[in-house]
Asker: 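Below you'll find the structure I mean.
Residue numbers begin at 1 in each chain, while the letters A, B, ... track the order of the sequences. Excluded from the calculations below are hydrogen atoms, water molecules and symmetry mates; all remaining heavy atoms, backbone and side chain alike, are included.
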There are 4 protein chains.
Amino acid sequence: MEERRREILAAAGRVFARKGFERSTTAEIAREAGVAEGTIFRYFPTKRDLLVSVVASLVMESLPALLERIETGTIEDAIKDILRNRLDLIKENAPLLKLFFAEALFREDLREKFIEEVVLRATARAEAFYRQQQEQGNLRPLNPQIAIRCLMGMLGIFVIWKEFLGGDKYVRFDEEEVLETITTIYLDGVRDRGR
Amino acid sequence: MEERRREILAAAGRVFARKGFERSTTAEIAREAGVAEGTIFRYFPTKRDLLVSVVASLVMESLPALLERIETGTIEDAIKDILRNRLDLIKENAPLLKLFFAEALFREDLREKFIEEVVLRATARAEAFYRQQQEQGNLRPLNPQIAIRCLMGMLGIFVIWKEFLGGDKYVRFDEEEVLETITTIYLDGVRDRGR
Amino acid sequence: MEERRREILAAAGRVFARKGFERSTTAEIAREAGVAEGTIFRYFPTKRDLLVSVVASLVMESLPALLERIETGTIEDAIKDILRNRLDLIKENAPLLKLFFAEALFREDLREKFIEEVVLRATARAEAFYRQQQEQGNLRPLNPQIAIRCLMGMLGIFVIWKEFLGGDKYVRFDEEEVLETITTIYLDGVRDRGR
Amino acid sequence: MEERRREILAAAGRVFARKGFERSTTAEIAREAGVAEGTIFRYFPTKRDLLVSVVASLVMESLPALLERIETGTIEDAIKDILRNRLDLIKENAPLLKLFFAEALFREDLREKFIEEVVLRATARAEAFYRQQQEQGNLRPLNPQIAIRCLMGMLGIFVIWKEFLGGDKYVRFDEEEVLETITTIYLDGVRDRGR
DNA sequence: AATGAATGAGGCTTCATTCAT
DNA sequence: TATGAATGAAGCCTCATTCAT
């Protein structure tokens, strides 16, 4: 039954997201799916096949949302808006993104999907935005591909810290202060010109 | 003997980088190091400690020298020096660091030691540096914990892109340009002030 | 299957009785039970649990029937019945119980489960019985927890003497006389009231 | 050096008393003795030899004290005095006694020493006391060997419970109440004659 | 098609004992 | 004689996968 297959896939997604691949057991997935352990193997020949299927369905369903919306307005507002928007989306899908990211590190096929479907398309839009602002004289003539990645990196490290590494336990940041600081650094740098 | 400890550490680094953490066996590490399996456990209480120690020694080793060097010279030089140093370190040990990062995503136990012994200590130093420069009026009064992480994030995203995800296949960046751009953005921002 | 569980329990009982706890291996128990080593762990999470279960099932098995039987009849009969029943039980399983006792002396983890699941439950029943007889005016108003243990102690020392220490070689007691004497002392004491 | 040998023996005694034989490690004994692990094996060929030596020295030094003093006076006082005296002695030497007892269960040679040197001599004295009181018409004409063991059993079970099994964690008894109750039961039984 | 009990290879870790220094 | 680093056999336990029902 197709129904059964989907249940197993969904359950596997939840378990993998919680524990990662190696530390998830087929027993736990079976329990979560409400089927017998053996049943899993009628639909997926090995545990690894199950992972590939989980991740494939993720790419098709959740990640495209990361591409939505590029705002306009003052640059300040636009940047903050982009950051906030991305941040919210990531936070909603953090567990699965984390799994996806972890697996992408070691699987060529997953990486390709990830880079092509998500990274390149997202950065392409952002780069276009940067270029457009550059032409209007609002932004300095830096390499947009690099400049855009710098912004994403600043956001990314806080996402990784909090959502992927559970760094909250050690140092907790106020979200608004972080977005504010990233924006101001990105626009004006850290150098003090007031003296 | 300290010598023996280093041999095991080095061998473990090679094996982990080759196979990943879970799929490396202590038997293979022992073989690679030319010691008995039990010997490993004279130096490292668990396999997990071994991994943490391998990575920690990598990351911390060059840190004191780096920080000392930074004490003198302009901020610009300091930042470039930090970026250069960390980048080289990562490039040389990319496979191992990648593995560690992937493991850390799903293993609280791995993270704890590493965050406490490496991340927090290293960032504390950097934050102190930032504060000191702040007091001298060289840097703006931003939250140093956030400001420091912003710089690391900018570098991090290029490392992840190239070393962890093999992004070179899609977009290749000139290393010097990247470091230059990060430095200038970090210090002066992207806003065009009509110069 | 419940059947399989019992097989393992029985095999474990034999092996433990033969070799002691630490020197019994799960491999041997599995061989003796005619199952794969891993199978043991489907039924008992750890080797320690296996030992506790073996002994607990021994001690608790005949308890409900015993207590029920005791409800009716004189106190004298009840006490003799209890003593007889426990004595037979111990005699049949002396090597295993001896081993368990020896292990329990130095393993907090073993004791905890056993005391909580067996000792406290069994004594609670006996204490309830004592209280009930007390209310009927058949027994003196002593602390039931202490009074019950006194009875068990009298029996216990003969068990330890004969079954655990092989004291038969030095002094041999007639079983019936022992049970008779314990009963009469427990009920009426050793003081001569000049009858 | 003979000095060194004694240090190791004493350290081993402490460690064995704490953890029992199987769970004590030669490493811990060496640490406790302040010598290198290898040194132990210059004095005692195997770990088991070490145990035998520890226990042998115990029998020669500590146990004989258990035989001291048999009081006279009223029977009540005599019994309470005996109980209290034994209890105090046992409590002082509980850890080593426990070790000794545990090992005696499985070692013929130790058992013999224990029974001959301690048990038989102690009971012989007590039996003589019982007989003497019997002749004076103070005690019932029961088999003194059995009657004496009954008293010791009542005391013994509380010692085992508290000192050997750490039962205090579960049920704690007031020492005076216990001695009082044992004495009264032993002398007068539990049967209520008041009705 | 579904079950879930059973498997057994293989991993990490412990620790008494050895031996070169 | 003392050291303590090194050994390696052996043990407990995990878990993906199989297969009789």
Asker: Of the options F:dT17, E:dG8, F:dC12, whose atoms approach the side-chain atoms of A:Phe41 most closely?
Answerer: F:dT17
Asker: Would you kindly give the NZ-to-P distance between C:Lys47 and E:dT14, to the nearest whole Å?
Answerer: 15 Å
Asker: When you match C:Arg48 and B:Glu37 each to their closest nucleotide on DNA chain F, which lands nearer the 5' end?
Answerer: B:Glu37
Asker: By nearest nucleotide on DNA chain E, pick out whichever of C:Gly38 and B:Ala27 is the more 5' one.
Answerer: C:Gly38
Asker: Side chain of B:Thr25, heavy atoms from C-beta onward: which of E:dT7, E:dA1, E:dC12 has the nearest atom to it?
Answerer: E:dC12
Asker: Run the ring-centre check on B:Phe100 versus B:Phe21 and record whether the distance is less than 6.0 Å.
Answerer: no
Asker: Any side-chain N or O of C:Arg4 under 4.0 Å from OP1/OP2 of E:dA6?
Answerer: yes
Asker: Taking the minimum atom-to-atom distance to the side chain of C:Arg42, which one of E:dA5, F:dC13, E:dT17 wins?
Answerer: E:dA5
Asker: Distance check needed: F:dA5 C1' versus B:Glu7 CD, whole Å only.
Answerer: 13 Å
Asker: Rounding to a whole Å, what distance do you find between C:Ile29:CD1 and E:dT7:C1'?
Answerer: 18 Å
Asker: Between D:Glu37 and D:Arg31, does at least one N-O distance fall below 4.0 Å, as a salt bridge requires?
Answerer: no
Asker: Grab the CZ-P distance between A:Arg23 and E:dG11 for me, whole Å please.
Answerer: 18 Å
Asker: Counting Watson-Crick and G-U wobble pairs only, both distances under 3.5 Å, name the nucleotide matched with E:dA20, or none.
Answerer: F:dT3
Asker: In the structure shown, which nucleotide is the Watson-Crick or G-U wobble counterpart of E:dC12, with both distances under 3.5 Å?
Answerer: F:dG11
Asker: Begin from the C-alpha positions of B:Arg6 and B:Glu3 and carry the test salt bridge (charged side-chain N to carboxylate O under 4.0 Å, His left out) through to its verdict.
Answerer: CA-CA 5 Å; B:Arg6 267 199 304 276; B:Glu3 170 62 7; 3.6 Å; yes
Asker: Within less than 4.0 Å of OP1 or OP2 of E:dA16, is there a side-chain N or O belonging to D:Thr26?
Answerer: yes
Asker: Does any part of the side chain of B:Pro95, heavy atoms only, come nearer than 4.5 Å to the side chain of B:Glu163, both counted from C-beta?
Answerer: no
Asker: Using atom CG of C:Asp49 as one end and atom P of F:dC13 as the other, report the distance to the nearest whole Å.
Answerer: 9 Å
Asker: Check whether any side-chain nitrogen or oxygen of A:Tyr43 sits under 4.0 Å from OP1 or OP2 of E:dA1, and answer yes or no.
Answerer: no
Asker: Please tell me which of A:Gly34 and B:Glu22 maps to the more 5' nucleotide of DNA chain E, matching each residue to the nucleotide holding its nearest heavy atom.
Answerer: A:Gly34
Asker: Starting at CD1 of B:Ile40 and ending at P of F:dG8, how long is that distance when rounded to a whole Å?
Answerer: 13 Å
Asker: Round to a whole Å and report the spacing from CD of D:Glu28 to C1' of E:dA16.
Answerer: 15 Å
Asker: Are OP1 or OP2 of F:dT3 and a side-chain N or O of D:Thr39 less than 4.0 angstrom apart?
Answerer: yes
Asker: Whole angstroms only, please: what is the CD1-C1' distance between D:Ile8 and F:dT1?
Answerer: 12 Å
Asker: Quick one: does B:Arg107's side chain get under 4.5 Å of B:Arg111's, heavy atoms only?
Answerer: no
